[in-house]
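Scroll down for the structure; my scribbles are underneath it.
First listed ligand is number 1; within each ligand, the first listed atom is number 1.
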Amino acid sequence: MHVTLRQLSVFHAVARHRSFTRAAEELHLSQPAVSMQVKQLEEHVGLPLFEHLGKKIYLTEAGSEVFRCSRAIAQQLAETEESIAELKGVEGGQLAVAVASTVNYFAPRLLAGFSQRYPGVRISLSVTNREGLLKRLDGNETDVVLMGQPPAQRELVAEPFMLNPLVVIAPPDHPLTRAQGIPLTRLQKETFLLRERGSGTRIAMERFFAEQGISPYTGMEMNTNEAIKQGVEAGLGLGIVSLHTVALELELRRLAVLHVEAFPIERQWYVVHRQGKRLSRAAQAFRSYVLNEAGALHGETRGGGL
Ligand code: PGA
């Protein structure tokens with residue numbers, strides 16, 4: 001097969017996102033350019049790689065095979081990049097990292113691993129919501145950002161590194177905790193606590209409700225994940241949060257995840273920097289480290305979900 005690396009990497013992005021539009025956004029290409037690369041790859045392979053069912057696209061059996069191959073190559077390339085950074089040496093330097101408040105539930109573990117590998121790099125970490133992160137990127141105040149998918153129209157390079165499932169949480173004594181396959185319409189009778197404006201979690205939740213055509217009651221607005229969790233525990237309403245924020249509470253049975261149809265809402269975390277920014281060696285090494293190690297940290301495959 002005379003496939004090119006370009007075709008494979010474009011296909012890989014479409015397969016990860018299960019969307020031609022989102023792949024085009026991530027790669028800063030037009031949608032026809034993405035479709036063309038995939039079509040050429042399909043011609044080389046001699047079989048269709050995607051099938052369209054309604055608005056969704058799925059990998060065919062051949063597509064799954066090619067996806068396995070493209071994932072292995074992407075991983076290998078990222079690892080090679082990392083080894084080369086090491087050869088060039090990342091002895092010192094400063095690194096400014098900014099992360100979404102929701103990412104901060106696992107970011108310190110990533111930073112700890114990175115610091116162990118590159119003990120000479122001095123790191124500053126700032127934590128804020130999505131809107132704050134976009135401002136920081138606009139103002140060139142940070143090297144690398146870990147956040148939800150940034151808006152496509154900004155001049156940013158954004159690479160997905162881990163799944164971010166959003167789940168419905170309830171206090172453990174809520175009657176719905178015993179139910180399976182809860183219909184979405186049932187949520188209309190519930191009150192939901194809301195994150196502040198500017199939060200990526202809130203945007204995702206509102207978009208999801210609008211897409212599904214449901215409008216549950218909205219309760220208090222709170223500006224941290226911790227406040228939402230405490231509020232839900234106290235019975236002020238239900239919440240929609242990233243699964244990464246509630247590991248401890250689920251283990252201690254202080255909160256429960258409800259089995260609602262169409263959940264979890266599947267999002268991804270992205271490592272982001274400004275397009276055209278010359279990343280220092282330390283920043284390059286951090287970017288590679290996140291792309292390679294974050295999945296392993298959470299027992300998830302980077303950009304998986306297929
Ligand atoms: P946030 O998380 O809700 O803390 O802004 C970022 C995101 O989910 O995009």
Side-chain angles (χ1 to χ4, degrees), residues 16-17 19 22 25-26 96-111 125-139 141-142 144-154 156-169 192-211 216 218-232 237-249 255 257 262-274 287 290-291 294-295 297-298 300 302-305:
R16 268 191 289 112
H17 289 292
S19 156
R22 280 164 68 186
E25 281 168 14
E26 177 189 314
V97 180
V99 305
S101 43
T102 306
V103 171
N104 200 38
Y105 285 84
F106 60 85
R109 269 177 288 159
L110 268 178
L111 290 173
L125 170 69
S126 75
V127 182
T128 174
N129 69 12
R130 174 183 177 85
E131 190 173 284
L133 294 172
L134 290 173
K135 279 197 190 127
R136 254 159 238 246
L137 283 162
D138 279 348
E141 291 162 32
T142 183
V144 180
V145 169
L146 305 182
M147 65 183 298
Q149 186 171 27
Q153 59 275 26
R154 307 236 180 173
L156 300 171
V157 179
E159 299 161 283
F161 66 90
M162 200 163 80
L163 289 177
N164 171 25
L166 299 191
V167 293
V168 182
I169 52 165
F192 277 82
L193 303 184
L194 279 182
R195 280 283 305 278
E196 76 287 4
R197 281 188 193 287
S199 144
T201 310
R202 169 160 170 169
I203 293 171
M205 167 177 164
E206 289 179 336
R207 187 178 300 152
F208 177 80
F209 284 153
E211 277 167 9
T218 46
M220 281 185 210
E221 193 172 304
M222 302 180 169
N223 70 352
T224 62
N225 285 302
E226 283 308 304
I228 296 279
K229 292 192 300 182
Q230 299 285 343
V232 171
L238 302 184
I240 291 183
V241 294
S242 163
L243 193 55
H244 295 134
T245 66
V246 286
L248 196 64
E249 287 77 8
L255 288 171
V257 169
F263 275 88
I265 304 174
E266 279 182 17
R267 302 182 68 215
Q268 301 225 39
W269 292 124
Y270 287 75
V271 53
V272 182
H273 63 87
R274 278 165 66 108
R287 174 194 153 272
V290 171
L291 290 173
L297 187 70
H298 286 270
E300 294 173 12
R302 167 156 64 99

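R195 places no side-chain N or O within donor-acceptor distance of the main-chain N or O of N129, the cut-off being under 3.5 Å.
Of all the heavy atoms of Y270, none lies under 4.0 Å from any atom of ligand 1, so neither backbone nor side chain is involved. At a heavy-atom distance under 4.0 Å, only side-chain atoms of R267, from C-beta outward, approach ligand 1. Residue-level proximity to ligand 1 for R195 is carried by the side chain, the only part with a heavy atom below 4.0 angstrom.
Residue contact check: G148 has heavy atoms under 4.0 Å from atoms 9 (O) of ligand 1. Every atom of ligand 1 with a heavy atom of T102 under 4.0 Å away is listed here by number and element: 1 (P), 2 (O), 3 (O), 4 (O). Using a 4.0 Å cut-off to heavy atoms of A100, the atoms of ligand 1 that qualify are 2 (O), 6 (C).
Checking only distances, G200 does come within under 3.5 Å of ligand 1, N or O to N or O. Every N/O-N/O distance between N129 and ligand 1 stays at or above 3.5 Å. Checked by distance only, ligand 1 and S101 come closer than 3.5 Å through their nitrogen or oxygen atoms. Annotation: N164 places no N or O atom under 3.5 Å from an N or O atom of ligand 1; distance criterion only.
The nearest protein atom to atom 3 (O) of ligand 1, hydrogens excluded, is given as T201 OG1, 2.6 Å; this is a heavy-atom distance.
Note: L166 CG to T245 OG1 = 9.0 Å, rounded to the nearest 0.5 Å. Expressed to the nearest 0.5 Å, how far OG1 of T201 lies from CD of E206 amounts to 11.0 Å.
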Query raised in the report: Going through the checks in order, is the side-chain contact (heavy atoms from CB on, under 4.5 Å) test met by M162 and V290?
Result: CA-CA 9 Å; M162 200 163 80; V290 171; over 6 Å; no

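Taking the six-membered ring where the residue is Trp, F209 and F192 present perpendicular rings, their angle passing 60° and hence far from 30°.
When every heavy atom of E249 is checked against every heavy atom of K229, the shortest pair comes out as OE2-NZ, 3.0 Å. Scanning all heavy atoms of the two residues, the minimum distance from R16 to Q268 falls at O-NE2, 3.8 Å.
When only modelled atom types and interatomic distance are considered, R130 and S199 share no side-chain donor-acceptor pair under 3.5 Å.
The closest approach between W269 and ligand 1 falls below 4.0 Å for a heavy atom of the residue.
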